[in-house]
Amino acid sequence: MSYSDKENINILCAVMLGHGVTHAVVCPGSRNAPIVHNLNECPRVRCFPVTDERSAGFFALGMAEQLCAPVAVVVTSGTALLNLAPAVAEARHRHLPLVVISADRHTAHIGQQMGQTIDQPGALSRFTLVDVNLIEPHDDLTRRHCNRMANEAMLAAHRGGPVHINVPYDEPLFNFTVDALPEERIITELPISPDETDLLEAMKPMRAANKPMLVIGQMPQGIVTRPLLDAITPHVAVLVESLGSDVGGSPFDELLPSVEHHADDEPDLVVYLGGTLVSKRIKAYLRQLEDVPMIQVSADGEVHDTFGHLTHVVRCEEGRALQAIGKLFTGEPACPFADRWNKRLAEIKAHFYALRPDFSQMLAVKLALQSVQESGEPFILHFANSQPVRLANLFARQHVRCNRGVNGIEGSTSAAAGCAAVTDGRVLCVTGDLSFFYDQNALWNSNLSGNLRILLLNNGGGGIFAQLPGLEASPARDTMIAGGHTTHAEGCCHQHNVQYRAAYGSEDLCSGITWLVQDASDRPRLLEVVTDVAHDRLTWQQAREQLASTIDEKL
């Protein structure tokens with residue numbers, strides 16, 4: 001047997017075989033010839049030639065209905081693809097697993113008067129469950145991307161419905177010089193019924209693992225509670241940020257430098273659930289682990305290969321899965337691996353709780369969150385993206401909300417204001433200067449009342465840019481990249497009848513935090529903490545140096 005030398009075609013064929021495709025309807029054409037050749041070479045695939053694409057689509061549809069399994073239909077580039085639209089529409093409305101594969105030319109040829117060239121990606125998207133475009137890979141990242149998209153399309157087809165896989169590649173087309181298809185990762189979906197038995201079965205790999213790790217992304221409040229964590233942490237290393245837990249997060253960013261090169265501290269199984277993570281470092285750490293199976297729990301079954309090694313998707317509500325993990329370990333002995341990770345995280349957390357930094361954004365967030373705890377009021381915390389939410393991960397002891405779906409800085413104050421308008425409890429919004437001034441019309445709103453409190457961290461620009469290694473070499477960093485400014489919020493607050501105070505030092509800050517968090521008011525309040533960006537950066541550095549000197553020996 002010999003296969004095409006086009007990597008994206010070989011990856012696709014290997015993934016299709018892994019997902020059990022055994023029947024393919026193939027239409028004539030030169031551009032799709034390498035795909036047809038590969039499928040014909042696969043011993044487990046039976047090919048059926050049909051010349052008319054419109055008929056071929058329905059021919060494949062009839063096979064899929066009878067076999068109750070995905071059937072591929074392969075067409076060449078250009079309008080050949082559009083002839084499949086009637087069959088694809090029928091498959092969508094009858095939930096039949098039709099896998100449309102279209103060969104394509106390089107994107108650069110579109111609109112350049114090249115023959116049989118149209119804009120093919122998404123051409124059938126009104127009727128398909130998933131559309132993917134398998135560009136020719138050129139490195140490990142693009143190969144993994146190609147693999148993930150092929151898996152994503154096949155998983156969607158198994159759920160019942162048509163998918164479209166577009167495969168662009170350049171000439172030469174007819175080099176059949178590869179001896180075997182690659183060994184490709186196959187992502188398996190495990191749908192969970194209302195019966196708890198199969199959910200416990202899906203989570204069993206955690207109990208079998210010697211070094212299991214649970215990573216929890218952004219979650220709604222009320223799911224990751226203290227009793228649930230107490231049931232899981234003796235057995236599993238739990239990494240969760242304040243956006244995912246009712247009791248605050250674990251500062252694993254501060255732990256990773258001491259563990260990331262030690263094999264004993266590497267997990268042998270990772271389960272990931274919830275939404276996005278703030279930490280770039282944990283994503284980079286888990287991506288570099290080789291041969292570590294990773295299971296994602298997803299209520300909708302969507303594939304999120306965040307760490308690059310996904311092997312299974314458990315289609316289940318995240319809260320149910322967490323409850324099952326807790327039950328799974330009932331009566332089981334504690335895990336030494338989990339004990340090491342969780343004790344270290346607890347020590348680092350205690351370090352930051354006890355830390356007393358100089359006047360800075362760090363001190364402002366620490367004191368504000370401490371005051372929230374002491375107030376006895378049921379506060380809802382809204383943090384803006386960038387530096388504020390990273391500070392929340394160090395000091396928050398309760399659940400934190402953040403516009404983390406796309407991670408933009410716009411709308412942070414408006415989201416907090418909307419929350420405050422429909423709750424009787426107090427809402428504390430902690431925001432940076434760029435985020436606040438970009439969204440200052442959040443205060444131009446007749447629905448605001450005294451339960452909205454805003455802590456504005458103003459150091460004259462995007463402070464996080466001062467912590468990006470290498471960027472200091474650019475003379476444009478402070479003025480153009482970091483958005484340097486001399487703006488203050490007092491005028492904006494007076495204009496919108498928002499009570500205002502400013503803090504320029506520790507004494508102002510302490511009294512201002514009490515005024516902001518604990519005192520009653522019938523109007524929104526804003527405390528603007530004015531700091532120096534260089535000193536804010538130094539405060540971060542000193543906090544980490546203190547951590548290293550006091551805790552490294554224990555780690």
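Worth knowing before you read on, the calculation uses all heavy atoms, side chains too, and leaves out hydrogens, waters and symmetry mates.
The minimum heavy-atom distance linking Cys419 with Ile380 is given by the pair SG-CD1, 3.8 Å. Nearest heavy-atom pair across Pro34 and Phe176 is CA-CE2, 4.1 Å. Taking every heavy atom of both residues into account, Leu81 and Val100 meet most closely at CD1-CG1, 3.8 Å. Between Ile282 and Ser279, the shortest heavy-atom contact is N-OG, 3.0 Å.
In the model, Asn10 has a side-chain atom that pairs as donor or acceptor with a side-chain atom of Asn38 under 3.5 Å. For the residue pair Ser102 and Asn166, a side-chain donor N or O sits within less than 3.5 Å of a side-chain acceptor on the partner. Remark: the Ser414 side chain and the Asp439 side chain contain an N/O donor-acceptor pair separated by less than 3.5 Å. Side chains of Asp139 and Thr142: a donor on one and an acceptor on the other come within 3.5 Å.
Rounded to the nearest 0.5 Å, atoms CG (Leu547) and CD1 (Ile348) are 5.5 Å apart. To the nearest 0.5 angstrom, Ile9 atom CD1 is 10.0 Å from Ile101 atom CD1. Rounding to the nearest 0.5 Å gives a distance of 4.5 Å between CD1 of Ile11 and CD of Glu184. Here the straight-line distance linking atom CD of Glu410 with atom CG of Leu434 works out to 12.0 Å at 0.5 Å rounding. In this structure, the separation between CZ on Arg537 and OG on Ser360 is 13.0 Å, given to the nearest 0.5 Å. Distance check, rounded to the nearest 0.5 Å: CZ of Arg340 to NZ of Lys211 gives 7.5 Å.
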Side chain to side chain contact (heavy atoms under 4.5 Å, CB included) between Val215 and Phe307, intermediate numbers included: CA-CA 11 Å; Val215 181; Phe307 311 126; 4.1 Å; yes
Assess whether side chain to side chain contact (heavy atoms under 4.5 Å, CB included) is satisfied between Trp341 and Met213, documenting all intermediate values. CA-CA 9 Å; Trp341 269 84; Met213 177 176 284; 3.7 Å; yes
Test log, rule side chain to side chain contact (heavy atoms under 4.5 Å, CB included), inputs Ser2 and His37: CA-CA 9 Å; Ser2 60; His37 169 85; 4.1 Å; yes
List the steps, then state whether side chain to side chain contact (heavy atoms under 4.5 Å, CB included) holds for Asp246 with Val224. CA-CA 6 Å; Asp246 285 10; Val224 183; 5.5 Å; no
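Residues His312 and Pro293 are not in side-chain contact: their nearest non-hydrogen atoms beyond the backbone lie 4.5 Å or more apart. Using a 4.5 Å heavy-atom cutoff, the side chains of Phe252 and Leu345 are in contact. Counting only heavy atoms from C-beta outward, the side chains of Leu322 and Met219 approach each other to under 4.5 Å.
No option in Lys283, Arg185, Arg144, Arg287 other than Arg185 meets the salt bridge (charged side-chain N to carboxylate O under 4.0 Å, His left out) test with Asp305. When Val365, Thr531, Thr431 are each tested for a side chain to side chain contact (heavy atoms under 4.5 Å, CB included) with Leu457, only one passes: Val365.
With hydrogens and angles ignored, the 3.5 Å screen pairs a side-chain donor or acceptor of Arg281 with a backbone N or O of Asp253. Listed for the Gln120 side chain is a donor-acceptor partner under 3.5 Å among the backbone atoms of Ala103. Of the possible donor and acceptor atoms, one in the side chain of Asn385 sits under 3.5 Å from a partner among the backbone N and O of Asn403. Under a 3.5 Å cut-off, the side chain of Asn8 and the backbone N or O of Pro168 do form a donor-acceptor pair. Judged by distance alone, the side chain of Gln296 and the main-chain N or O of Glu302 form a donor-acceptor pair under 3.5 Å. Between the side chain of Lys349 and the backbone N or O of Pro251, no donor-acceptor pair lies under 3.5 Å. With hydrogens and angles ignored, the 3.5 Å screen pairs no side-chain donor or acceptor of Asn175 with any backbone N or O of Thr177. At distances below 3.5 Å, at least one donor-acceptor pair connects side-chain atoms of His399 with backbone N or O atoms of Leu243. Listed for the Asn147 side chain is no donor-acceptor partner under 3.5 Å among the backbone atoms of Arg143. Between the Ser250 side chain and the Val240 main chain, a donor and an acceptor come within less than 3.5 Å of each other.
A salt bridge links Arg544 to Glu254: one of the charged nitrogens lies within less than 4.0 Å of a carboxylate oxygen. Here Arg148 pairs with Glu152 in a salt bridge; the nearest charged N to carboxylate O distance falls below 4.0 Å. A salt bridge links Glu171 to Arg31: one of the charged nitrogens lies within less than 4.0 Å of a carboxylate oxygen. In this structure, Glu347 does not pair ionically with Arg344, as no charged nitrogen and carboxylate oxygen lie closer than 4.0 Å.
Summarising the local packing, OH of Tyr169 is surrounded by more than 12 heavy atoms from other residues, nucleotides or ligands at distances under 6.0 Å. Within 6.0 Å of CG on Asp264 lie no more than 12 heavy atoms contributed by other residues, nucleotides or ligands.
The salt bridge (Lys or Arg N to Asp or Glu O under 4.0 Å) test applied to Asp170 returns no partner, not counting sequence neighbours.
The aromatic rings of His158 and His19 sit tilted, their planes meeting at an angle between 30° and 60°.
Residue pairs meeting the side-chain hydrogen bond (donor to acceptor under 3.5 Å, both in side chains) criterion with at least one member in residues 322-338, sequence neighbours excluded: Glu196-Lys327. A side-chain hydrogen bond (donor to acceptor under 3.5 Å, both in side chains) check over residues 215-243, counting only residues at least two apart or in different chains, returns the pairs Ser242-Asn393.
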